[in-house]
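Report on the following structure.
Numbering of ligands and ligand atoms starts at 1, following listing order. Reckoned from all heavy atoms, side chains included, excluding hydrogens, waters and symmetry mates. No experiment lies behind these values; they were computed from the predicted model shown. For reference, positions follow the sequence shown, starting with 1.
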Amino acid sequence: MVLAKSKNAVGLGNSLMNDRFGKGKGADMRRGNQQGIKRTGQNGETYVTNAKQEASWVKMRSVTEQAALDEFLSTAELAGTDFTAEKMNNVKIIHRDQKNPYLLSADEEKRAVKRQNANKKRLTVPRRPRWDEHTTPAQLDERERESLLEWRRGLAELQEVNDLLMTPFERNLEVWRQLWRVIERSDLVVQIVDARNPLMFRCEDLERYVKEVDPKKNNLLLVNKADMMTLEQRQAWADYFLANGINYKFFSAELAKEVNEARGLVDGGHLQDEEDSDEDDLDQDQGVEIVDELAQEAEKLNVEDTREQHEQEVGEEGADGPHHPADYPSLSDERTRILTTDELEELFLENAPDLDTGPDSPPRKTQIGLVGYPNVGKSSTINALIGAKKVSVSATPGKTKHFQTIHLSDSVVLCDCPGLVFPNFATTKAELVCNGVLPIDQLREFTGPAALVAQRIPQAFLEAIYGMKIYPRPIEEGGTGIPTGEEVLNAYAAARGFSTTGSAQPDESRAARYVLKDYVRGKLLFCHPPPVDPPIDTKVFNRDLYDEAHLPEKRRAALAAHAEALVTGHDDSSLLDDAELGPLPPVQGEKTHRLDKRFFGPGAGQSQMNMPFHYKYSEQGTVMSGKQLSGRKFREMVALEKDVDPAELRAAGKKHFKANKKIAKKVRSEYD
Ligand SMILES: Nc1nc2c(ncn2[C@@H]2O[C@H](COP(=O)(O)OP(=O)(O)OP(=O)(O)O)[C@@H](O)[C@H]2O)c(=O)[nH]1
């Protein structure tokens, strides 16, 4: 019997033949010698292997995913030889493409985490080889290649022998060279991490490496996006960081930006509005007043947090306790404080070692290196610090490619390193997508990440935020009581009218892109608890994130109006349409009512002081005590009042500043 050879056979021989001599590949290969070779991986991701003589800007492309052949070829390139010689030297293929586990069961995950913990110490960053004034550039180049090769072999072995899944860590020598330079020149290395999963983004070995380069250098963990956390969550993480001796601070580039914007709006508004300056001069003062007020409210944020905490702690006894910030000395809780930009700058100087410039050397500025994964908010942090837009900010991972220096003041220089993915363990690729490490637009396998979203975000909140109805399989028919990823995507696709061409089925893949981006962006919010013993229940940890305060303004208004319509009997389901996403199907009444009860009933959710601008206001007759109104929310409200898209309002920005300001005032007076 002759066995047909599998069409899908993917041995090295096949890979080589296909790659070298497959249709149209020869030319690619030749081009690759000059330009680097762009490839498409098994999961649809693209990546590039470096050719030897590339221009440096080409070399800076991130190389994070490599299949067998590419790993083999670039290993050969790094080793300064071609692949034939490498093969003859009997170098074995050191890395197979990672498995793509769908999702792990609780037991599997436990086992995986155990294996990860046992091997944690082996997660290293590559070291720059030693060099001195006698080392020639060519020698250094060769040593650096060797060092990277050794490092990659070690990690590949770690993965293979222990069956561990790793982040698609950076393999491009040029990117690591940027990091080495940033570390060498920095007095303080600030690792920026995403507050939703700080440990996933923290590289412990980087801290060790910083100390190895010079024991006088210091490390700081900056937990950015802290606006996404509740005070309780910050407390839990603060306890963990302190217990583990981690030098950390909370920050929010987004909040800092809003304060900057509020200030800039006034300045910019004056400049732009010269032509109608005689309209009413009084307005300028009022504008300044509004912004001053906003800024003051932002400054009060941490005090408010502290007060709230104090009131919780003292309970009834302290009901008529102190009311002035200065009356809370014991609660000036530095542990959970979200720093302002001024405080952050001060902190940089405090944490940097004393500069040993010597009597003859000129005084120099303190160098602060900013390092972190793509998308954790390095550019946003820098923008917030310089208070003006100098670095372009994007929601697409991997924008900053070369490190840049920014002279922040007479005493501080910031050094922004390209976003790079450090080697770290991951349980699943789905987790990597949800953490924003793998780009969503290039995603083919979306069921795993969608399942994580469905598991983490309560059904009722998903329904409320998207104004849709999810139909999970009933428990008696084998359902779990929690919708599957597919069920969520189906509901979303149906609500938005996304259907596949031809078969007119719900377009889950398109729905997945929206839902997953909302998750990465934090519209669908989930924060990981610190890994403590006994473990913290993630549902309890996150429960305060799914209340009415966390719904976008428009949805809140629409739902409230709809609830009222139900009471008065004038049901208008069009109120539930989302202007950004298109109309929803009709007949939402019963669902909304149920949601209102579940979410918006008395005591159903506690508001959190995690946004900068807050004051009491009422909406649709509901008093929402202690809610905050950020600059963005404020814009949304004005947009709602003017019946325009908030994005439009923002774009119009300074031009219509005065007109908007009047509306803003009106809205505020109505809601105050
Ligand atoms: N909610 C919230 N979002 C933030 C914060 N900081 C940054 N973001 C958002 O996170 C995304 C990524 O921010 P960037 O500043 O571009 O991130 P980066 O680390 O510089 O990314 P690379 O340039 O790719 O290295 C953007 O959509 C920001 O708006 C924050 O403090 N809070």
Side-chain angles (χ1 to χ4, degrees), residues 60-62 64 170 172 175 178-179 182 190-198 200-203 221-230 233-234 249-261 298 301 337-341 343-344 369-404 406 414-422 434-442 516-527 545 549-550 552 608 610-613 628 630-633 647 650:
M60 282 308 296
R61 278 175 298 200
S62 218
T64 54
E170 186 60 63
N172 186 344
V175 178
Q178 300 289 318
L179 178 79
V182 168
V190 181
Q191 255 194 80
I192 304 187
V193 296
D194 188 316
R196 287 170 292 177
N197 199 354
M200 169 77 215
F201 294 96
R202 175 178 179 235
C203 178
L221 191 76
L222 193 66
V223 185
N224 187 38
K225 308 197 186 181
D227 56 290
M228 294 190 181
M229 280 173 151
T230 64
Q233 289 176 330
R234 269 184 278 146
K249 283 288 169 199
F250 291 110
F251 185 64
S252 166
E254 187 71 21
L255 298 189
K257 183 176 96 181
E258 287 183 9
V259 174
N260 287 343
E261 265 179 11
L301 165 68
R337 188 177 173 75
I338 300 177
L339 299 185
T340 63
T341 42
E343 286 167 333
L344 185 58
L370 298 171
V371 178
Y373 276 62
N375 241 21
V376 291
K378 285 181 307 304
S379 308
S380 305
T381 301
I382 291 173
N383 283 338
L385 280 165
I386 57 181
K389 231 172 156 44
K390 294 253 168 67
V391 188
S392 71
V393 176
S394 91
T396 314
K399 198 92 194 292
T400 321
K401 277 292 162 235
H402 277 279
F403 85 80
Q404 21 188 324
I406 296 124
L414 302 177
C415 204
D416 181 22
C417 185
L420 67 89
V421 182
F422 295 97
C434 289
N435 280 318
V437 175
L438 295 180
I440 288 161
D441 284 331
Q442 294 170 24
L516 292 174
K517 281 186 180 175
D518 280 347
Y519 185 92
V520 171
R521 226 179 263 152
K523 182 171 167 182
L524 301 175
L525 197 46
F526 178 86
C527 296
L545 297 176
H550 286 86
Q608 290 300 325
N610 54 4
M611 297 293 274
F613 313 123
Q628 322 85 31
S630 68
R632 188 175 45 215
K633 284 188 178 162
R650 189 170 181 180

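Within the 4.5 Å cutoff, the side chain of Ile338 has heavy atoms near those of the Arg234 side chain. Counting only heavy atoms from C-beta outward, the side chains of Ile192 and Asn224 approach each other to under 4.5 Å.
Put simply, the side chain of Asn260 gets close to the backbone of Ala384: a donor and an acceptor are under 3.5 Å apart. The backbone N or O of Asn435 sits nowhere less than 3.5 Å from a side-chain atom of Arg196 that would complete a donor-acceptor pair.
Arg337 and Glu343 are joined by a salt bridge, as a carboxylate oxygen and a charged side-chain nitrogen come within less than 4.0 angstrom of each other.
In Met228, the part holding a heavy atom less than 4.0 Å from any atom of ligand 1 is the side chain. Proximity of Asp227 to ligand 1, defined as any heavy-atom pair under 4.0 Å, is confined to the side chain (atoms from C-beta onward).
Atom numbering of ligand 1 starts at 1 in the shown order; those under 4.0 Å from a heavy atom of Pro374 are 24 (O), 25 (O). Annotation for ligand 1: atoms under 4.0 Å from non-hydrogen atoms of Gly419 are 25 (O). Near Ser379, meaning under 4.0 Å from one of its heavy atoms, ligand 1 places the atoms 15 (O), 18 (P), 20 (O), 23 (O). Atoms of ligand 1 found under 4.0 Å from any heavy atom of Ser252, numbered from 1 in the order shown, are 31 (O).
At a 3.5 angstrom cut-off on N or O pairs, Ala253 counts as close to ligand 1. The shortest N or O to N or O distance between Gly377 and ligand 1 is below 3.5 Å. Geometrically, ligand 1 and Thr381 share no nitrogen or oxygen pair separated by less than 3.5 Å.
Considering all non-hydrogen atoms of both residues, Lys378 and Leu370 come closest at CD-O, 3.9 Å.
The aromatic rings of Phe422 and Tyr373 lie tilted to each other, with the angle between the two planes from 30° to 60°.
By heavy-atom distance, the residue among Lys225, Arg196, Lys378, Arg521 lying nearest atom 18 (P) of ligand 1 is Lys378.
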